[in-house]
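Please read the structure below before turning to the comments.
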Amino acid sequence: MQKWRIGDVTVTKIVELEATGGTRFILPQATPDAVLGMHWMKPHFMDDNGKLKMSIHALVIEAPGRRIIVDTCLGNDKQGRNVPTWNNLQGTFLQDLAAAGFARESIDTVLCTHLHVDHVGWNTMRVDGKWVPTFPKARYLMARTEFEFWNAGGTEGEQPLEFVDSVKPVFDAGLVDLIDTDARICDQVRLVPTVGHTPGHVSIAISSQGQEALITGDFCHHPCQMAMPEWAATVDYDQKQSTKTRREVFGRLAGTPTLVIGTHFAGATAGRVVRDGDAFRLEV
Ligand SMILES: [Zn+2]
């Protein structure tokens, strides 16, 4: 179990899936030849053959009086996903969450950095053939611009399946609060707009007792994008903007003690951004 302390705040990682290789569809430029020279990525973020490691996990933020789950992975029993292995999962995520001390009824806030399929899955679970809120006592917080984009059908003009089975049911249950992309969640936690990956994408800044952390969301999928900020993900809605966001945010973080906690970073998952030539790398 990986945990990080930021002053009075604790962040705990709950893994749903980990994979090595198979990242070609998301970061096509990050071929083994292109990344093998990035020695700092071994062993946490790539193997000896230059295959990238990635993770799908949730992060539970415990702040004084608050228990917030950030991004809810893929979920069990979901159908019609683009990636075949994401269909009809029967994983132990909820048991693992409870074993870590977070019964689902104890979560007071669900925070989605954006509304892609691997960030909303456990918003709901299937009970008697219906999708019901997994966290019945929580408010589900989503950026208004993000919700409105997908509610209107995104660029395709049709609501994606994950919106229908994992976002609509919690909205219809009256559990969603639509918020600004720079909203404050509590004294220690606030949103930071990091657009480009999706129209209303946010990262999450934690600040307590003089210590700082940033949960990335998907403005950066893998640490190799610190060395190559212009490697946009195929799933970035606006690749020019996502590249600009990566350069800006890494530039701001470089050389600071801010702990960067990656939403899809495997292994150590967190570290500090430092300058490396005219780009950056992650020091774990
Ligand atoms: Zn993602």
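One-based numbering, in listed order, for ligands and for the atoms of each.
His119 and His201 have their aromatic ring centers separated by at least 6.0 angstrom. Residues Phe171 and Tyr140 keep their aromatic ring centres 6.0 Å or farther apart. A centroid separation of less than 6.0 Å is found between the aromatic rings of Trp150 and His116. Taking the centre of each ring, His197 and His114 come in below the 6.0 Å mark.
Of all the N, O or S atoms in Asp218, the one closest to the Zn ion (ligand 1) is OD2. Looking only at its N/O/S atoms, Asp118 has OD2 as the one nearest to the Zn ion (ligand 1).
At least one N, O or S atom of His119, from either the backbone or the side chain, sits less than 2.8 Å from the Zn ion (ligand 1). Backbone or side-chain N, O or S atoms of His264 reach the Zn ion (ligand 1) at under 2.8 Å. Taking backbone and side chain together, Asp71 holds no N, O or S atom under 2.8 Å from the Zn ion (ligand 1).
Between Arg66 and Thr109, the side chains place a donor N or O and an acceptor N or O closer than 3.5 Å (distance only, hydrogens not considered).
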